[in-house]
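What follows is a short report on a single structure.
Throughout, a chain's letter reflects where its sequence line sits, starting with A, and its residues are numbered from 1. Please read all numbers here as calculations on a predicted model, not as lab measurements.
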Amino acid sequence: MQSSLSLSLSLSTPLSTKANSSTPRSIRFCGLRREALVSNLTHRHRPVPPQRIQRSRVPVSCASTSSNGSSASVKGGFDYDLIIIGAGVGGHGAALHAVEKGLKTAIIEGDVVGGTCVNRGCVPSKALLAVSGRMRELHDEHHMKSLGLQVSSPGYDRQAVADHANNLASKIRSNLTNSMKALGVDILTGVGTIVGPQKVRYGKTGFPEKEVTARDIIIATGSTPFVPNGIEIDGKTVFTSDHALKMEWVPDWLAIVGSGYIGLEFSDVYTALGSEVTFIEALDQLMPGFDPEIGKLAQRILINPRKIDYHTGVFAKKITPAKDGKPVQIELIDAKTKEPTETIEVDAALIATGRAPFTKGLGLENINVATQRGFVPVDERMRVLDANGELVPHVYCIGDANGKLMLAHAASAQGISVIEQLTGRDHVLNHLSIPAACFTHPEISMVGLTEPQAREKGEKEGFEISVVKTSFKANTKALAENEGDGLAKMIYRPDTGEILGVHILGLHAADLIHEASNAIALGTKVQDIKFAVHAHPTLSEVLDELFKAAKVLPSELLIRPKKLVSRKFLREICCLTYCKLSSLPIFEAGN
Amino acid sequence: MANLLHLNLRSVFVPSLSSRRHSSAAPRRHQFRVEAKVREIFMPALSSTMTEGKVVSWLKSEGDQVAKGESVVVVESDKADMEVESFHDGIMAAIVVLEGDSASVGSPIALLAESESDIALAKAQASGSGSSGSDQKTEAVAAPVAEPEPVLAPSVAPVSAPVSSPVVKVASTHPASEGGKRVVATPYAKKLAKDLNVDLGTVVGSGPMGRIVAKDVELAASSAAVSEKPKVAAAAAAASTVQLGSVVPFTTMQGAVSKNMLESLSVPTFRVGYTMTTDALDALYKKIKSKGVTMTALLAKATAMALTQHPVVNSSCRDGKSFTYNSSINIAVAVAMDGGLITPVLQDADKLDIYTLSRKWKELVDKARAKQLQPQEYTTGTFTLSNLGMFGVDRFDAILPPGTGAIMAVGASRPTVVGTKDGRIGMKNQMQVNVTADHRVIYGADLAAFLQTFAQIIEDPKDLTF
């Protein structure tokens, strides 16, 4: 094995160049666009050893019977074909796909199966958000009345709400565990450490440690809440999402440090349960990272009408938990000048400043890998790079630990991509096709580039972009639900019809985004997807509106002198249906 | 005094922010310039059905350079939010309609100046094209030391309604307020303060460590409203013969009457009855019932309207020596509760429209049932209504609650055969009311006149709905 590998590595450069420069038809793409591949030319590409391709074909029958590859099938004297360190959503997704592909797989879990997402993240927070969504509806007397409903003073039982979140987490956790057990994935408990090439040690503290070998290793250790220096967490009055999800109490006044997805979702939960919220955001604008237009509207819908205020452009330099009858104290400093601005006192503070990779104790130094701010450096195929930027053979890293895109489903997709590579099919995941969602009420979702990002890319690469928008007020189903608040916008290339990004804020936006993300992943063009039929009346027609509103123009129109067809003019043509009043000045421009 | 002046000026300044920046004398210099240098940005018609639009957000602020075709404002129509672009190059000189406010289609929402030097002109124009009140604002800007408005409140306040709690300027004592320099208020309290125009600096916090919470702001807003009332009342009183909210000593004769009354009875009451036709009222009730209007609200409104013309019937005798002319008309309505009786109060029933009044009444009844009425919601009545008519009682009399001048007992309205003026016999719905009054302050003639007015309103109720 080793020798064959070294041989293949020496061959790799010419081979890979050939593979890449020739048409990529031989490789399966999932959301892979041509330019993504072209940019890979410089990377060394490990060709697949012939025997592996063979092997990967043989066990297909095995996969259909859903059982883990038998140890007899493991070539080269390894205990396993694959060891995954970390049994979160990423590790789980990789394990399932590995078994399907006939790899004998083990997964090492140091904490609980399901990882952050299932136990301390997406899953329990969705349970709380389900509660907050209903509370919001019930409390919105005006909304209820306009539907003709009468509800008298709704209330909630905090413990029951907390139990709902907790029960959901354990249910999903056992589902995950069972699905792996049913497939015969070996679940090894303990903290996994890489002790050398293809060798992992694991064990619980107090128990003898064991060593196992595997041909390939996937690191999927995830992340923990990031707590900036100066912030003292006591788990009661100053806490992270980990504690907040347990919902041990509902403070009257909660400061949320950070206004990204996590902060925003928790503001939705806590304000629905009666708290007042103060956001502390280091950047000048709330909700950085969202498309600016969506962010602005989100502020109007999710922040302004609620019992929320905010400080922007400030850091929380020091946060002291409540003690001796004193409330939580937060010292704010100007984000730019670092001058102290003010100290605020609140009942509790939730730290939602992002997440830090959990990569300590992995033994990365044993394979000469240096983390970057804790993240494991990888290439676009999730192959781990060592301190010199060279590929480390047989080691991959997926999910939050590599920091490419810290989303559960991204981790899983990366895992599947790795398994594809391990079983003989090259695969590069297009991260621009991975949707993201924020489960506020209403929800926010997005895929691909934001408008400024697209504009920048367009300017750099010399293409025009167009934007179409539609309002939920124009959607029958949304109006039937009396939920007309919201906007959907699509950014696309008017010359090719390529979808660059879609952003939705509105009822069930998180469920709506997939039509767009699938289109991006599969490379479907606007001019094609616009003929796809949507059931009426459904929210999906919001996207239908976008597709139909988009105008793809023949390229000769686009290369006309700028004076005649300015970008603005194009935008106007493309937005005619939804056009803002701005269409008027165009006619003026003609004078 | 200095404080008051300061406050006064501030309240004048705030709405006219636009005229503040380059105010000094500049407007006059440019008075004779050509108008075209300043262009108006109009509220556009974004759809065929749109008559009014709300300014969602300004994308440009005052002083910003605006290029032709650039988006300047986001407007919410009945269908969607849209960005509105400028037709001209220029500098955003003045924003006339602020974010969150609405304007009718075609009305100017901002002014665009052609060059720097036109900004002042635009600003002058902005303040001129605003409401009529804005002229005074400009004057106030020009002459900040102009004579302070005569302070009305103190002369009236001490004797005014017992409900008015003085607005004391108290800095928050929250430890994080840095010795009162900073106001510590919860996010919702801040929002409310903005909506209700309450200066947080004057609010006493009741939250943990003296933090200002939402209910403190609400309380401050309601007490501010109460303390403002004397002014309104004073203005109204000028038109009438007696000073509302003032104390007028008894004449010797009145004093004697009082004395005699007390001697004969501890509460010297008497009763006056009146029969009136309710066909018109019934018809009106039928028409607006679907809008949530109740008969109780209609009666309370009619009573309050009649009382505005007969302030004495709304007065009371507290010490046996004086009339207390109540500053507001607060109609208490007796509500039977299990095991008792409570009188929720419709405050300022004369000033509220019938729909608001009905809503308020519903709230009060709900609260009364839930035993959540606050003291000021059942103790501040100045005139009481008792309606047993709804139970079919055709006439009864009521005992006067202490501290008020009169109570009206309302009987059932029932079809009655009556002789009409044209000499025919007809069927009309008639209702009897019976007022019990404290004869120390309210005399028979007062009641008779009051009842006449009341009957006129009931028989021709078009004014009840404005």
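Between A:R300 and B:V56, some side-chain heavy-atom pair lies under the 4.5 Å cut-off. Taking 4.5 Å as the limit, some side-chain heavy atom of B:P187 sits within range of a side-chain heavy atom of A:W253.
Ionic pairing of A:D347 and B:R211 is present here: one or more N-O contacts between side-chain nitrogen and carboxylate oxygen are shorter than 4.0 angstrom.
With a 6.0 Å radius and a threshold of 12 heavy atoms from other residues, nucleotides or ligands, A:K296 has its NZ atom at or below the threshold. The neighbour count for A:Q150 CD, taken as heavy atoms of other residues, nucleotides or ligands under 6.0 Å away, does not exceed 12. Around the NZ atom of B:K60, the shell of radius 6.0 Å holds more than 12 heavy atoms that belong to other residues, nucleotides or ligands.
Using a 4.5 Å cut-off between heavy atoms, A:Q299 does not touch chain B at all.
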All N/O donor-acceptor pairs, side-chain side in residues 213-220 of chain B, below 3.5 Å, sequence neighbours left out:
unit_1: B:K215; atom_1: NZ; unit_2: B:S206; atom_2: OG; d: 3.0
unit_1: B:D216; atom_1: OD1; unit_2: B:S206; atom_2: OG; d: 2.6
unit_1: B:D216; atom_1: OD2; unit_2: B:S206; atom_2: N; d: 2.7
unit_1: B:D216; atom_1: OD2; unit_2: B:S206; atom_2: OG; d: 3.3
unit_1: B:D216; atom_1: OD2; unit_2: B:V213; atom_2: N; d: 3.0

Side-chain donor-acceptor pairs under 3.5 Å in residues 267-274 of chain A, sequence neighbours left out?
unit_1: A:S267; atom_1: OG; unit_2: A:L264; atom_2: O; d: 2.7
unit_1: A:D268; atom_1: OD1; unit_2: A:S132; atom_2: OG; d: 2.9
unit_1: A:D268; atom_1: OD1; unit_2: A:H441; atom_2: ND1; d: 2.8
unit_1: A:D268; atom_1: OD2; unit_2: A:R306; atom_2: NH1; d: 2.9
unit_1: A:D268; atom_1: OD2; unit_2: A:H441; atom_2: N; d: 2.9
unit_1: A:T271; atom_1: OG1; unit_2: A:R136; atom_2: NH2; d: 2.6
unit_1: A:T271; atom_1: OG1; unit_2: A:S267; atom_2: O; d: 2.6
unit_1: A:T271; atom_1: OG1; unit_2: A:D268; atom_2: O; d: 3.4

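Residue B:L192 holds its CG atom at 8.0 Å from NZ of A:K307, rounded to the nearest 0.5 Å. Here B:K190 contributes atom NZ and A:T278 contributes atom OG1; the two are 5.5 Å apart, rounded to the nearest 0.5 Å.
Looking only at distances, a side-chain donor or acceptor of B:K191 sits under 3.5 Å from a matching main-chain atom of A:N304.
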